[in-house]
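Okay, structure first, notes after.
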Amino acid sequence: RRNKFVSVRNDLGENVFDIFFRSFLAPLPWQSTNVKNCSKLLCQAIQKICQEKGDNLLLQQVRSELQNENSLHATQHEFVWSSDGAGKSSAATGIITVDRCVVFCRNLQLLCQASHETMRVNAGNGNQEKDAKEAGSFPFPYVLSFLARNTGGCPEPVARLLLRLYPDQARTPLMCNPPNDAMCSPPTYLLHIWSAYNQPTYRSLQGMLTPLIQAYPEVARICEEETGRYPLHHAMCSGNKSWHC
């Protein structure tokens, strides 16, 4: 199934997802100072959230915002800190950190949804009533599996953030698309989905392997029931150049 969001590239060899991730996380030298500063602050916010131990307050706030499918933008957050000046400063920093991550995640969700809708329409099942019902239904938790199956992955900081938000996604079989979607495939593990991707991209492929292995090392030894393959089998058959063993 052809996905123009991945297959069409610019003069730098980038597809739409490459440009998106680069714009948010690694601007080119000629881009404005404002873009570079926003990128630096976003990377710092992602790092702060991922470095906090356990299911910390920042993670809970980001997850809470993303579960609200009626909100496409970060909203005001309530934090419980001490009432002194340091507490207020920490609360303000926490709000800004959450806002930056939520806005980035919402933009990523919209991009994945647009790509998904394009693929679904191109599949042409001919059922207009079902198409209308499914359109717009793309919950945020499906972003990571969609990236693994349809784009080849994402930069490492993004993979770490998504896996911190939804750690069970590395440990349990997932469906690649929302329920009742015409393009649904049998559930399988994220590492198997990623390693089977056979259209390596310029940038997006580089960052998913290490976070997935660290999140659930045992998954590399799991044989996929549907195909009888381990992740390494998928990688060898796909020509995925980012697999290192």
Side-chain angles (χ1 to χ4, degrees), residues 1-40 42-43 46 72 101 103-125 135-136 138 140 142-163 174 176-178 181-185 188 190-212 231 234-245:
R1 189 181 294 113
R2 185 174 177 80
N3 182 358
K4 292 185 177 181
F5 282 71
V6 174
S7 61
V8 177
R9 302 172 184 272
N10 63 14
D11 292 340
L12 296 177
E14 299 171 312
N15 60 39
V16 173
F17 284 90
D18 292 325
I19 296 171
F20 174 87
F21 288 127
R22 184 251 295 161
S23 298
F24 274 94
L25 300 172
L28 295 173
W30 49 261
Q31 293 188 273
S32 69
T33 301
N34 182 56
V35 170
K36 293 175 182 177
N37 287 339
C38 288
S39 172
K40 180 180 179 180
L42 173 61
C43 290
I46 293 175
L72 292 180
C101 289
V103 170
F104 168 75
C105 288
R106 282 302 191 197
N107 279 282
L108 177 57
Q109 180 183 12
L110 288 171
L111 179 59
C112 290
Q113 180 179 357
S115 178
H116 170 74
E117 287 298 310
T118 300
M119 295 168 62
R120 187 179 59 79
V121 170
N122 289 341
N125 58 31
F138 196 89
F140 185 80
Y142 288 95
V143 165
L144 189 55
S145 59
F146 181 85
L147 290 172
R149 184 179 294 276
N150 298 294
T151 74
C154 58
E156 186 169 327
V158 178
R160 292 194 182 280
L161 174 63
L162 297 180
L163 286 169
L174 301 172
C176 64
N177 295 311
D181 189 283
M183 298 191 298
C184 269
S185 301
T188 189
L190 265 177
L191 184 62
H192 295 70
I193 294 173
W194 174 83
S195 59
Y197 186 76
N198 61 3
Q199 299 177 37
T201 63
Y202 174 52
R203 295 179 185 272
S204 301
L205 204 62
Q206 302 301 316
M208 194 170 276
L209 176 60
T210 300
L212 284 174
H234 281 303
M236 294 173 66
C237 292
S238 70
N240 187 330
K241 299 299 189 297
S242 283
W243 181 274
H244 301 285
C245 57

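All values reported here derive from a predicted model rather than from experimental measurement.
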Gap between atom [atom2] of [Y] and atom [atom1] of [X] - 0.5 Å precision:
X      : Y      : atom1 : atom2 : result
Arg9   : Glu14  : CZ    : CD    : 9.5 Å
Leu209 : Ser195 : CG    : OG    : 9.0 Å
Leu111 : Gln109 : CG    : CD    : 11.0 Å
Thr188 : Ile193 : OG1   : CD1   : 6.0 Å
Cys101 : Leu108 : SG    : CG    : 12.0 Å

Which heavy-atom pair separates [X] from [Y] by the least distance, and what is that distance?
X      : Y      : answer
Met208 : Trp194 : SD-CD1, 3.6 Å
Ser145 : Leu190 : CA-CD2, 3.6 Å
Ile46  : Pro157 : CG2-O, 3.5 Å
Phe104 : Val158 : CZ-CG2, 3.7 Å
Asn15  : Val6   : CB-O, 3.1 Å

From CA spacing to verdict: side chain to side chain contact (heavy atoms under 4.5 Å, CB included), Phe17, Cys112: CA-CA 9 Å; Phe17 284 90; Cys112 290; 4.0 Å; yes
How about [X] and [Y]: do any of their side-chain heavy atoms sit closer than 4.5 Å?
X      : Y      : result
Phe146 : Met119 : yes
Cys38  : Leu42  : no
Thr210 : Arg160 : yes
Lys4   : Thr118 : no
Leu147 : Phe21  : yes

Counting heavy atoms not belonging to Lys36, are there more than 12 under 6.0 Å from its NZ? yes
Taking the inter-plane angle between the rings of Phe138 and His116 on a 0 to 90° scale, is it parallel (under 30°), tilted (30 to 60°) or perpendicular (over 60°)?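 Geometry flag for His116 against Phe138: tilted rings.
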Under the side-chain hydrogen bond (donor to acceptor under 3.5 Å, both in side chains) test, which residues partner Ser115, sequence neighbours left out? Asn3
Tell me every residue that passes side-chain hydrogen bond (donor to acceptor under 3.5 Å, both in side chains) with Asn37, counting only those two or more places apart in sequence or in another chain.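 In terms of side-chain hydrogen bond (donor to acceptor under 3.5 Å, both in side chains), with neighbours along the sequence ignored, Asn37 is linked to no residue.
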Could you pull out every donor-acceptor pair under 3.5 Å between side chains of residues 24-35 and any protein atom, sequence neighbours left out?
unit_1: Gln31; atom_1: OE1; unit_2: Arg22; atom_2: NH1; d: 3.4
unit_1: Gln31; atom_1: OE1; unit_2: Leu28; atom_2: N; d: 2.8
unit_1: Ser32; atom_1: OG; unit_2: Val35; atom_2: N; d: 3.2

